[in-house]
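Here's the structure we're looking at; comments come further down.
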Amino acid sequence: MADGRDDSVSIAEPVDRDRERVLIQRASRGEEGAFTQIVETYRIEIARLAGRMLGWDPDVDDVVQEVMLSVYTNVSRFHHRCSLRSWLFRITINKCRTHRLRRMLRWKRFVPAERMAVEPHAEAENRSLTQERDRAVRQAVRGLPPRYREPVVLRYLYGMETPEMLEILNIRRNALNVRLSRGRDLLRERLADWVEDGLDNSGS
Amino acid sequence: MDERLTQLLQDADRAAGQPQVPDAAILAGLVRRRYHRRRIRQTAMGLCAAAMIAIVATMVITIQVQQRRIDRMQRQIADLTEKTDATVAFVQRILNEHEGQQRLARSNQRLAAIPDPMGEIQARVDQTAFTMLYQADLLYKQLKLKDSAVEAYQRVIELFPDNRWAQTAKERLKEMDEQPKSKTKGNVS
């Protein structure tokens, strides 16, 4: 688990396509063991994706359960047009959108807008520079509109290529390129100090 | 620059740590329970919807049945009203006829109370004929005026040929013809 890209490889590829097909067929027939195996294989990755999509929200139980419930209900409709992982990613992203919407409606009722999307953290003087930088990066990603955050997370934390992202996000290539570009620009703008600082350090 | 951004993001992600996820068996159990609860809820909602539809359908059918009954009763009331009107009209006609008959009977009674003019005339004629016969008798028997008497009897016969006094007048003339001719005192006419 060296980085996000490595994570995606290490967790996403434990089941090859043939075994995956058999697993899906068994789960479609209602075999509880097969479903438990799917849960076992993908639960951490789904939780991690949900956490990333929701701005590193540690409380992703509901989303994970919703995703698994959707898999349990619709596994018989999975026709292997894409990989099980891509399917699970698509479901997770959709559930995250729903979760965000629900949370937004709930917060709008009970929480002032300025308190939204603020990461709880230790006092500033106790934080190291690295911690400060990581917090700023997460804050910047969390501050992106969801339509920009989704492609940015998939590209920079999962190292996905365009075809797989198109499959998961279910949007047109032009829209994906535009969103990715704008998300990247926004991040560069918000993290300008850290990006330049890093470049300077690497250059020196 | 993209690599720097990637590095920043991956570092921040790694520093955030992993979200806590329940054990696979527990998570699978939770999902199955939620699935069954959802099925039960969906079934219950379906049953409720079916019950609601059944209730509404029953209400609609009941209303339709009631409406049909009301329509039938209204038709019966209309028929009864029509029959009643016809009966009332019939009774009215009967009453009118009865009243007409009563009026006719009263008219007949009133008419019957009026004396018969022909009888009256006949009585007058009879009386006139008798008077003329009496005068003729007076001429013949008291005054002995035979010619005048004959003339008076003939006038009775001529004027009242069908009257009984005409018959009497004829008998008198016959008696006079059978009697021997006697000297008359004179002729009035």
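Chain identifiers are assigned alphabetically (A, B, ...) following the order of the sequence lines, protein sequences preceding nucleic acid strands; residue numbering begins at 1 within each chain. All values reported here derive from a predicted model rather than from experimental measurement.
Donor-acceptor pairing under 3.5 Å is lacking for the side chains of A:S128 and A:R133. Using a 3.5 Å distance cut-off with no hydrogens or angles, the side chains of A:S70 and A:T73 do not pair a donor with an acceptor.
More than 12 heavy atoms of other residues, nucleotides or ligands shown are found within 6.0 angstrom of CD on B:E171.
No part of B:R39 comes within reach of chain A, as not one of its non-hydrogen atoms sits under 4.5 angstrom from that chain.
Residues A:V75 and A:F35 form no side-chain contact, since every pair of their non-hydrogen atoms from C-beta on lies 4.5 Å or further apart.
In terms of heavy-atom pairs under 4.5 Å with chain B, the best-connected choice from A:I46, A:V137, A:V141 is A:V137. Here A:E32 is the residue among A:R184, A:E32, A:E40 with the most heavy-atom pairs under 4.5 Å with chain B.
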**OP:** Could you please spell out the steps behind the salt bridge (Lys or Arg N to Asp or Glu O under 4.0 Å) verdict for B:E99 and B:R106?
**Re:** CA-CA 10 Å; B:E99 194 180 345; B:R106 280 198 298 275; 6.0 Å; no
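Salt-bridge check for A:E45 with A:R48: failed, with every basic side-chain N at 4.0 Å or more from each acidic carboxylate O.
Judged by the 6.0 Å distance and 45° axis criteria, A:R85 is positioned over the aromatic ring of A:F89.
Of all residues in residues 60-68 of chain A, those placing a non-hydrogen atom less than 4.5 angstrom from a non-hydrogen atom of chain B are A:V60, A:D61, A:D62, A:V64, A:Q65, A:E66, A:M68. Residues of residues 50-63 of chain B never come within less than 4.5 angstrom of chain A, heavy atom to heavy atom.
Take A:F78 and apply the ring pair (Phe, Tyr, Trp, His ring centres under 6.0 Å) test, not counting sequence neighbours, and it matches A:H80, A:W87. With sequence neighbours left out, B:Y140 forms a ring pair (Phe, Tyr, Trp, His ring centres under 6.0 Å) with no residue at all.
Of all non-hydrogen atoms in A:R90 and A:E167, the two that sit nearest each other are NH2-O, 2.9 Å. Between A:R100 and A:L54, the shortest heavy-atom contact is CG-CD2, 3.7 Å.
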